[in-house]
Amino acid sequence: YGRGRRGPHAVMKYADSRLLVLPALTLLLACVSVSAHAAAPDEARELVNAKARALFMKHRRAIKALQSTLRNPAFKAFFMTEDEAQRAVHRADIEQSTLKVQRYFAIEEMCLIDRDGNELVRMVDGALDDHLSDSEENNPFFAPAFLLPEGEVLVSEVYVSPDNGRWVQAYVTPIAVAGQNVGLLHYEQEITRIAGELFKELGDDQVLLGFDEGGRLLFDSRSGDALPPPDGAPLPDSANGRTLPVFEEAAKAGSPLDDRAVATKRVRGWTLVALQG
């Protein structure tokens, strides 16, 4: 058969080797596919854990800000005196304290409220606002916040702010004089701002949802500014037709939804849902 020419046995061996390579290649591709599929649930858990930490730290910073602000003795002194001239001095001091907090935190509205539900000092978007409410007792945070021990901070359920008609969450702490809660320091942030911070650095193959304690959908990274409704309209109870229990069951069972791995995590009453893939 001459140099460089294959005999029949060589041809058969060459054919046999090709027959062996094809199944091996198929198996390798299958292993890569299985490995990628197995990685998706891990990535979903990593994503939801990272966003849960970010949300927890946001709450922690807000709580520390309120607690730090109330170290200013002007808050207690304001309620302890009946002298209007002294009250004016303390009010000016309180205004400066609240302005300082707003410089470090993106706070839409912050106010000092008395036991009867009257706003005594109000800041909106970093500026004093003379339009003071006399019906803050109607807000969902009012009654439970007055039951708190001094120094504790309430992170409220979400509600529609009577000031701007948008969905917000409040941080509230009581002001005590002689062991009695006489006022509240309160500020609120729009849910859209909180969601926007959590949406940072999401990949094209990642989705983040947020539900409140009642199973209402607060935000969906696929919806942009559509959630929560900017006009305070009712919140939906599902994302693309799926309620929170559906996502939780899929995460528990390790079952994908629409070819996406699912992971969930609770943070102060909210449930974050991560979809990966």
Side-chain angles (χ1 to χ4, degrees), residues 31-65 105-108 140 153-159 166-171 188-230 234-277:
C31 289
V32 170
S33 176
V34 169
S35 177
H37 181 73
D42 291 338
E43 292 172 358
R45 284 190 289 271
E46 289 175 4
L47 174 61
V48 81
N49 287 337
K51 296 304 179 180
R53 285 194 298 271
L55 181 57
F56 176 82
M57 291 305 298
K58 176 176 177 53
H59 288 319
R60 185 176 180 181
R61 288 194 298 271
I63 290 169
K64 293 295 184 183
F105 294 90
I107 300 169
E108 287 77 19
V153 176
L154 171 73
V155 181
S156 80
E157 63 186 61
V158 298
Y159 63 97
R166 297 176 181 174
W167 287 98
V168 298
Q169 184 170 55
Y171 300 88
E188 59 190 26
Q189 283 199 323
E190 291 186 22
I191 302 304
T192 51
R193 185 183 293 276
I194 298 173
E197 294 178 9
L198 294 177
F199 291 167
K200 291 177 181 178
E201 300 179 355
L202 282 180
D204 293 337
D205 59 346
Q206 296 174 326
V207 174
L208 185 68
L209 314 172
F211 291 85
D212 73 355
E213 290 183 86
R216 297 178 299 178
L217 181 64
L218 301 175
F219 52 79
D220 182 337
S221 61
R222 297 168 295 192
S223 301
D225 294 334
L227 279 173
L235 293 167
D237 61 1
S238 63
N240 288 355
R242 293 191 173 101
T243 60
L244 175 58
V246 173
F247 290 109
E248 290 179 320
E249 184 59 33
K252 182 179 179 180
S255 303
L257 295 175
D258 297 329
D259 295 325
R260 292 179 184 268
V262 185
T264 63
K265 191 80 171 182
R266 285 181 61 82
V267 182
R268 283 191 172 270
W270 289 15
T271 300
L272 299 182
V273 178
L275 305 177
Q276 175 76 45

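Because the structure is predicted, anything quoted here is derived from the model rather than measured. In what follows, residues are counted from 1 in the order of the sequence shown.
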Given side chains that start at C-beta, do those of V262 and P256 come closer than 4.5 Å, heavy atoms only?
no
Is L202 close to K51 at the side-chain level, that is, under 4.5 Å between some pair of heavy atoms?
yes
Set of residues satisfying side-chain contact (heavy atoms from CB on, under 4.5 Å) with respect to P140, sequence neighbours excluded:
E157, Y159
Could you list the residues that satisfy side-chain contact (heavy atoms from CB on, under 4.5 Å) with T192, not counting sequence neighbours?
E190, P228
Rounded to the nearest 0.5 Å, what's the gap from CG on L154 to OH on Y171? Could you check?
10.5 Å
dist Q189:CD -> R166:CZ (nearest 0.5 Å) comes out at 13.5 Å
So, taking the atom named CG in L227 and the one named OG in S221, what distance separates them when rounded to the nearest 0.5 Å?
10.5 Å
Tell me the closest heavy-atom pair linking F247 and T264, and the distance in Å.
O-CG2, 4.1 Å
Scan for side-chain hydrogen bond (donor to acceptor under 3.5 Å, both in side chains) pairs involving residues 204-217, sequence neighbours excluded, and state none if there are none.
D205-Q276, Q206-Q276, D212-R216
Straight-line distance of L218 CG to I194 CD1, nearest 0.5 Å
9.0 Å
Find out whether R45 and D42 are in side-chain contact, i.e. whether some heavy atom of one side chain is under 4.5 Å from a heavy atom of the other.
yes
Of all pairs that satisfy side-chain hydrogen bond (donor to acceptor under 3.5 Å, both in side chains), the ones with a partner from residues 237-257, not counting sequence neighbours
R242-D258
How long is the gap from CG on L275 to CD on E43, to the nearest 0.5 Å?
13.0 Å
Could you list the residues that satisfy ring-ring contact (aromatic ring centres under 6.0 Å, His included) with F199, not counting sequence neighbours?
F219
Can you tell me how far apart CG (L217) and CZ (F211) are? Round to the nearest 0.5 Å.
4.5 Å
Side-chain contact, heavy-atom cut-off 4.5 Å: L272 with L209?
no
Tell me, which pairs form a salt bridge (charged side-chain N to carboxylate O under 4.0 Å, His left out) where one or both residues lie in residues 260-269, sequence neighbours left out?
none
May I ask you to test the L208-V273 pair for a side-chain heavy-atom distance under 4.5 Å?
no
State which residues pass salt bridge (charged side-chain N to carboxylate O under 4.0 Å, His left out) with R222; sequence neighbours excluded, sorted by chain then number.
D220
